Amino acid sequence: MRFITGQPGTDLTYSDVFLVPSASDVVSRFDVDLSSNDRTGSTIPIAVANMTAVSGRRMAETVARRGGLAILPQDIPVGIVAQTVRWVKSRHTVFETALRCGPDNTVLDAIHLMPKRAHGGVVIVDDDGAVLGVVTESDCTGVDQFTSLDQVMTKDPVTIDTADFDDRGDGALEYAFGVVESSRVPFVPVVRDGVLAGVLTRAGALRSTIYAPAVDESGSLRIGAAVGINGDVAGKAAALVEAGADVLVVDTAHGHQHKMIEALKSIGPVGVPVVAGNVVTAAGVRDLVEAGADIVKVGVGPGAMCTTRMMTAVGRPQFSAVLECAAAARELGASVWADGGVRYPRDVALALAAGARQVMIGSWFAGTFESPGDLKTDSSGRRYKESFGMASSRAVAARTRGDDAFARARKGLFEEGISSSRMMLDPERPGVEDLLDQITSGVRSACTYAGARSVAEFAENALVGVQSAAGYEEGRPLPAGW
Ligand SMILES: NC(=O)C1=CN([C@@H]2O[C@H](COP(=O)(O)OP(=O)(O)OC[C@H]3O[C@@H](n4cnc5c(N)ncnc54)[C@H](OP(=O)(O)O)[C@@H]3O)[C@@H](O)[C@H]2O)C=CC1
Ligand SMILES: Nc1nc2c(ncn2[C@@H]2O[C@H](COP(=O)(O)O)[C@@H](O)[C@H]2O)c(=O)[nH]1
Ligand SMILES: [K+]
């Protein structure tokens with residue numbers, strides 16, 4: 001990457017910069033390979049932040065199917081991490097996990113279940129798992145909530161048989177797309193040996209032709225897990241890898257500290273990539289790589305739930321932090337992930353231009369069906385989920401629940417995050433895959449503007465300019481007119 005008018009002396013945020021188009025011979029946006037190439041196996045450069053309000057098993061499954069990697073938070077007990085990893089790895093790489101109910105369940109049960117996933121309905125199965133019908137949101141409107149589902153379901157819906165799907169080879173997804181398109185429901189149940197095996201939506205069939213899932217050597221979806229720097233770090237790290245985590249993230253607010261270096265040394269090589277952070281300087285990168293990190297996570301203070309900069313003045317504008325850290329990592333044969341502060345696809349493109357191999361996103365993904373929180377509705381009918389920072393009093397209280405009251409009170413003093421924030425679901429893009437579509441299409445397009453066929457080429461070719469606040473404002477759409 002180079003600056004069009006030379007590198008400025010001031011540190012820059014994503015909003016301070018823009019990408020200048022360059023001569024390109026990349027003829028199609030589909031010709032761009034978005035693989036991260038950082039040995040994590042991600043086929044798109046997106047990681048889901050290890051935040052309790054963001055990353056759980058539904059998020060992990062859904063994002064990995066599209067090539068990304070979710071990191072489970074460090075506050076989850078190892079036994080639960082192991083269960084979650086097993087579950088995610090048992091998921092199909094094309095068919096989505098179905099929401100299912102029995103015929104005697106009520107409309108209320110279905111209404112509670114539906115916002116858990118984006119496919120827009122529930123499959124009704126008998127005790128043996130055979131499909132009896134499907135129920136969508138519209139079937140549940142205008143009826144008593146205690147009505148049993150067998151009374152409102154569409155009976156004997158069109159299904160896709162896995163054997164039939166597999167037989168069609170390269171034409172399978174186009175065939176499946178056609179089946180969903182011609183059915184009158186938003187999704188089609190998938191059946192294996194007469195038993196419900198998943199669902200497929202029109203968008204899902206299409207996406208599977210564009211994205212490649214992030215899979216391990218045995219073809220199962222990938223997932224990462226985080227560990228803090230306190231307690232038996234090496235023991236917990238080994239247990240997470242033993243549980244099947246494909247990537248280990250060693251995470252703390254101030255990554256460039258003695259305890260982190262000791263933690264990394266104690267972990268040693270574990271057979272999966274070790275990501276450590278957070279830092280914002282080349283010196284931080286060098287120390288963490290020397291201590292054993294394969295990938296360094298960059299970002300102090302840009303996170304949406306983060307109050308660190310206002311509490312301490314510590315941090316660094318994220319574009320410059322990523323640029324400096326990525327250059328240092330490259331010299332050492334390591335990589336960086338840009339963590340935090342991403343609100344638009346352009347921010348992802350800029351982080352990659354600055355040299356990040358992946359971009360970690362938290363709060364933006366909290367406002368989706370797949371995040372772990374309950375879906376709520378505000379007084380004007382807008383749907384949202386609650387988000388909170390991992391250094392907020394809410395998260396600290398949960399993390400220290402095993403400590404005595406005195407220790408908890410002491411730790412509770414250092415709050416550097418928001419405890420409750422509302423992340424609205426975008427009515428046009430309520431699912432995390434809708435956001436991935438938006439991000440990856442933006443990034444693909446940015447790469448072709450720079451004449452780049454890969455994330456690495458993009459970081460090499462990108463031409464960056466610095467803009468005024470008016471320059472940024474000029475780039476914003478004005479949907480309401482003026
Ligand atoms: N990227 C970012 O900007 C930030 C991210 N976070 C996120 O919050 C979560 C919790 O992280 P964390 O608070 O580090 O908790 P951890 O549980 O990982 O503990 C941090 C350890 O580091 C010590 N420490 C020394 N200096 C600092 C410092 N300035 N800030 C924090 N700890 C320090 C603490 O000791 P003692 O308590 O005695 O001081 C403690 O032992 C993580 O998920 C992290 O990613 C939090 C803040 C900033
Ligand atoms: N200072 C704090 N940083 C936090 C906290 N919780 C999470 N984080 C960091 O933010 C990113 C995600 O950024 P986002 O803008 O996409 O939400 C996450 O990975 C952490 O590094 C916190 O409580 N305080
Ligand atoms: K912030």
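Since the model is a prediction, treat every value here as computed from it, not as a measurement. Just follow the structure's listing: the first ligand is 1, and inside any ligand the first atom is 1. Here, residue 1 is the first one in the sequence, and each next residue gets the next number. The basis for the numbers below is simple: all heavy atoms, side chains too, and nothing from hydrogens, waters or symmetry mates.
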Under the ring pair (Phe, Tyr, Trp, His ring centres under 6.0 Å) rule, what pairs show up with a residue in residues 268-300, not counting sequence neighbours?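 Those involving residues 268-300 do not exist here.
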Report the nearest protein non-hydrogen atom to [atom]: residue, atom name, distance rounded to 0.1 Å.
atom: atom 17 (O) of ligand 2; result: Ser363 OG, 2.5 Å
atom: atom 13 (O) of ligand 2; result: Gly340 CA, 3.2 Å
atom: atom 43 (O) of ligand 1; result: Asp251 OD2, 2.8 Å
atom: atom 28 (C) of ligand 1; result: His254 CB, 4.0 Å
atom: atom 10 (O) of ligand 2; result: Gly303 CA, 3.7 Å
atom: atom 20 (C) of ligand 2; result: Asp339 OD2, 3.6 Å
atom: atom 11 (O) of ligand 1; result: Ala253 N, 3.7 Å
atom: atom 40 (C) of ligand 1; result: Asn230 ND2, 3.6 Å

Would Thr308 count as being in polar contact with ligand 2, using the rule that some N or O on each side must be under 3.5 angstrom apart? yes
Distance-minimising heavy-atom pair for Tyr384 and Met424: CB-SD, 3.6 Å
For a quick test of reading the model, state the closest non-hydrogen atom pair linking Ala366 to Met423 and the distance between them.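 Closest pair (atom of Ala366, atom of Met423, distance): CB-CG, 3.9 Å.
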If we count only non-hydrogen protein atoms and require a distance under 4.0 Å, does [atom] qualify as touching the protein?
atom: atom 34 (C) of ligand 1; value: no
atom: atom 38 (O) of ligand 1; value: no
atom: atom 17 (O) of ligand 1; value: yes
atom: atom 1 (N) of ligand 1; value: yes
atom: atom 22 (O) of ligand 1; value: yes

Take Arg207 and Glu96, measure what salt bridge (charged side-chain N to carboxylate O under 4.0 Å, His left out) needs, and give me the verdict at the end. CA-CA 12 Å; Arg207 285 179 180 128; Glu96 297 163 40; 5.8 Å; no
Counting heavy atoms only, name the option from [options] that's nearest to [atom].
atom: atom 2 (C) of ligand 2; options: Gly362, Ala226, Cys306; answer: Cys306
atom: atom 9 (C) of ligand 1; options: Gln318, Met360, Lys259, Met390; answer: Met390
atom: atom 15 (O) of ligand 1; options: Arg316, Glu416, Arg399; answer: Arg399
atom: atom 7 (C) of ligand 2; options: Glu415, Met311, Met51; answer: Met51
atom: atom 6 (N) of ligand 2; options: Met310, Met390, Arg343, Arg394; answer: Met390
atom: atom 26 (N) of ligand 1; options: Lys411, Glu415, Gln257; answer: Gln257

Is the closest heavy-atom distance from Gly299 to ligand 1 below 4.0 Å?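 Yes.
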Does Met51 come within less than 4.0 Å of ligand 1, judged by its heavy atoms?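 Not so, Met51 does not reach ligand 1.
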Establish, from distance only, whether the side-chain atoms of [X] and [Y] form a donor-acceptor pair under 3.5 Å.
X: Tyr211; Y: Asp437; result: yes
X: Thr448; Y: Ser24; result: no
X: Thr40; Y: Gln358; result: yes
X: Thr400; Y: Lys411; result: no
X: Arg66; Y: Ser208; result: yes
X: Asn37; Y: Ser35; result: no

Over 60° means perpendicular and under 30° means parallel, so classify the ring planes of His256 and His254, tilted if in between. perpendicular
Should you measure from each heavy atom of [X], which atoms of ligand 1 turn up under 4.0 Å away?
X: Ala391; answer: 8 (O), 46 (C)
X: Ile229; answer: 21 (C), 22 (O)
X: Val300; answer: 3 (O)
X: Thr308; answer: 47 (C), 48 (C)

Heavy-atom contacts with [X] under 4.0 Å: which atoms of ligand 2 show up? List them by number with element.
X: Met360; value: 19 (O)
X: Ala391; value: 22 (C), 23 (O), 24 (N)
X: Gly341; value: 13 (O), 14 (P), 15 (O)
X: Glu416; value: 1 (N), 2 (C), 22 (C), 23 (O), 24 (N)
X: Ile361; value: 16 (O)
X: Asn278; value: 21 (O)
X: Ala49; value: 19 (O)

Apply salt bridge (charged side-chain N to carboxylate O under 4.0 Å, His left out) to the pair Asp75 and Arg401, showing each step before the final yes or no. CA-CA 10 Å; Asp75 302 351; Arg401 62 183 170 266; over 6 Å; no
Measuring from the heavy atoms of Ser392, does anything fall under 4.0 Å of ligand 2? yes
Could you go through the side chain to side chain contact (heavy atoms under 4.5 Å, CB included) check for Leu12 and Ser320 one step at a time? CA-CA 5 Å; Leu12 304 163; Ser320 297; 3.7 Å; yes
Heavy atoms only, cut-off 4.0 Å: how does Thr252 contact ligand 1, side chain, backbone, both, or neither? both
N/O of Asn278 under 3.5 Å from N/O of ligand 1, yes or no?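 Among all N and O atoms of Asn278, at least one is under 3.5 Å from an N or O of ligand 1.
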Side chain or backbone, does Gly301 bring an N or O within less than 3.5 Å of an N or O on ligand 1? yes
Verdict with supporting geometry, Ile71 and Met360, side chain to side chain contact (heavy atoms under 4.5 Å, CB included): CA-CA 10 Å; Ile71 310 298; Met360 187 173 241; 3.8 Å; yes
Go through it in stages, so that I can follow the logic: the residues are Lys89 and Asp216, the test is salt bridge (charged side-chain N to carboxylate O under 4.0 Å, His left out), and I'd like the CA-CA distance, side-chain angles, deciding distance and then a yes or no. CA-CA 9 Å; Lys89 288 189 175 294; Asp216 60 22; 2.8 Å; yes
Using salt bridge (charged side-chain N to carboxylate O under 4.0 Å, His left out), reason through Arg65 and Glu61 one step at a time and then give a plain yes or no. CA-CA 6 Å; Arg65 191 172 286 118; Glu61 171 200 345; 2.7 Å; yes
So the protein N/O/S atoms within less than 3.4 Å of the K ion (ligand 3) come down to Gly301 O, Gly303 O, Cys306 O
